*Asks:* 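Take this structure, written in structure tokens, and hold onto it; I'll ask about it next.
Positions are given from 1, in the same order as the sequence printed here. Whatever order the structure lists them in is the order used to number ligands and atoms, beginning at 1. Note: hydrogens, waters and symmetry copies are ignored here, and every other heavy atom, side chains too, is used. Computed from a prediction, not measured in an experiment: that's the story for all the values here.
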Amino acid sequence: MKFTKGEIEGLWILEPEIFGDNRGYFLESFRKDQFHIETGLRVDFVQDNESMSGKNILRGLHLQKPPYGQGKLVRVTRGAVLDIAVDVRKNSPTYGCYQMIELNATNKLQFFIPEGFAHGFMTLEDDTVFQYKCTNYYAPEHETGIRWNDPDLDIPWPDVSGITISAKDEKLPLFNEFISPY
Ligand SMILES: Cc1cn([C@H]2C[C@H](O)[C@@H](COP(=O)(O)OP(=O)(O)O[C@H]3O[C@H](C)C(=O)[C@H](O)[C@H]3O)O2)c(=O)[nH]c1=O
């Protein structure tokens, strides 16, 4: 697995080693020891999630408040997404900055997003399967987030003309209304 620091402190990109043969391929998708050696972080993933979405679905921008903040190791096992992590750590010099990355079933890249970031993605293909490991459990009463099309963040989503978003996400606060718990 190749580890590369993300554009913002705390973010990491992981590229698995793929062992192909005449049957197909094999890869190790996560190793706790290697993750600690490469990132210096001792992560304890306690919940794995999977979502499937059609094309032009946007989920986000979400995070959970402490003490249920979640670090997430995300990947796409079918289809493709434009994934984004927004730094919402109040004292961070990159507060309000973000990194966008395409994750897809071909590049098999993984994106590690620590607590203190809002996370979301927009699907680029039909039947996209998004899988992720979380360092804390789901706590709906601690959920918060930021509106996907906030004018201050001005995220350069691709064509959003035919986009589908949940009613819940449409009502998320704007960035200037958002009070970060980090
Ligand atoms: C997140 C979650 C949801 N659910 C249930 C609650 C709802 O009945 C249903 C759909 O939930 P939601 O609309 O919040 O799902 P997403 O919009 O995909 O939310 C996720 O999308 C963004 C991209 C994230 O980074 C978060 O992990 C997460 O917020 O699954 C659970 O039972 N457990 C869970 O951990």
Side-chain angles (χ1 to χ4, degrees), residues 6-8 10-14 29-30 35 41 43-89 92 96-105 107-150 153 155-158 160 162-175 177-182:
E7 295 165 1
I8 296 173
L11 298 177
W12 288 88
I13 313 297
L14 284 65
S29 53
F30 175 72
F35 194 94
L41 300 171
V43 291
D44 180 23
F45 293 113
V46 298
Q47 180 177 319
D48 285 4
N49 294 334
E50 176 177 313
S51 65
M52 193 283 286
S53 309
K55 187 175 179 180
N56 291 334
I57 305 291
L58 195 147
R59 297 177 185 254
L61 306 167
H62 303 156
L63 68 159
Q64 292 191 164
K65 299 173 189 172
Y68 291 95
Q70 294 173 309
K72 297 168 189 169
L73 182 58
V74 306
R75 66 187 178 128
V76 167
T77 52
R78 178 175 176 165
V81 307
L82 193 54
D83 202 78
I84 187 168
V86 183
D87 186 354
V88 294
R89 299 167 298 189
S92 168
C97 296
Y98 54 80
Q99 177 166 0
M100 296 184 96
I101 181 171
E102 180 168 341
L103 307 174
N104 60 54
N107 68 27
K108 299 190 188 334
L109 292 179
Q110 300 186 37
F111 193 24
F112 177 72
I113 302 145
E115 293 182 37
F117 283 77
H119 174 247
F121 63 84
M122 176 179 165
T123 57
L124 306 174
E125 293 178 16
D126 271 328
D127 302 328
T128 289
V129 177
F130 190 83
Q131 296 184 307
Y132 52 115
K133 306 176 80 67
C134 302
T135 60
N136 215 331
Y137 296 105
Y138 177 52
E141 72 286 353
H142 283 76
E143 281 192 308
T144 183
I146 300 163
R147 192 88 53 78
W148 67 280
N149 58 351
D150 180 83
L153 292 179
I155 294 165
W157 299 107
V160 294
I163 205 162
T164 300
I165 297 164
S166 68
K168 183 179 77 169
D169 287 355
E170 283 286 17
K171 296 196 289 276
L172 286 171
L174 292 174
F175 194 46
E177 300 161 339
F178 175 73
I179 299 168
S180 176
Y182 288 93

*Asks:* Would you tell me whether Gln64 and Glu143 have side-chain atoms, one donor and one acceptor, within less than 3.5 Å of each other?
*Replies:*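 No - no donor-acceptor pair under 3.5 Å links their side chains.
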*Asks:* Closest heavy-atom contact between Leu11 and Pro114?
*Replies:* CD2-CD, 3.8 Å
*Asks:* Go through the steps for Phe30 and Phe45 under the test ring-ring contact (aromatic ring centres under 6.0 Å, His included), then give the verdict.
*Replies:* CA-CA 11 Å; Phe30 175 72; Phe45 293 113; 5.1 Å; yes
*Asks:* Go through it in stages, so that I can follow the logic: the residues are Phe35 and Phe112, the test is ring-ring contact (aromatic ring centres under 6.0 Å, His included), and I'd like the CA-CA distance, side-chain angles, deciding distance and then a yes or no.
*Replies:* CA-CA 10 Å; Phe35 194 94; Phe112 177 72; 5.1 Å; yes
*Asks:* Could you tell me how the ring of Phe121 sits relative to the ring of Phe130: parallel (under 30°), tilted (30 to 60°) or perpendicular (over 60°)?
*Replies:*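 Rings of Phe121 and Phe130: parallel, under 30°.
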*Asks:* Have a look at Lys133 and tell me which of Asp44, Asp48, Asn49 forms a side chain to side chain donor-acceptor pair (under 3.5 Å) with it.
*Replies:* Asp48
*Asks:* Taking non-hydrogen atoms within less than 4.0 Å of ligand 1, which protein residues qualify?
*Replies:*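 Ligand 1 pocket, heavy atoms under 4.0 Å: Gln47, Asn49, Arg59, His62, Lys72, His119, Phe121, Tyr132, Tyr138, Glu143, Lys168.
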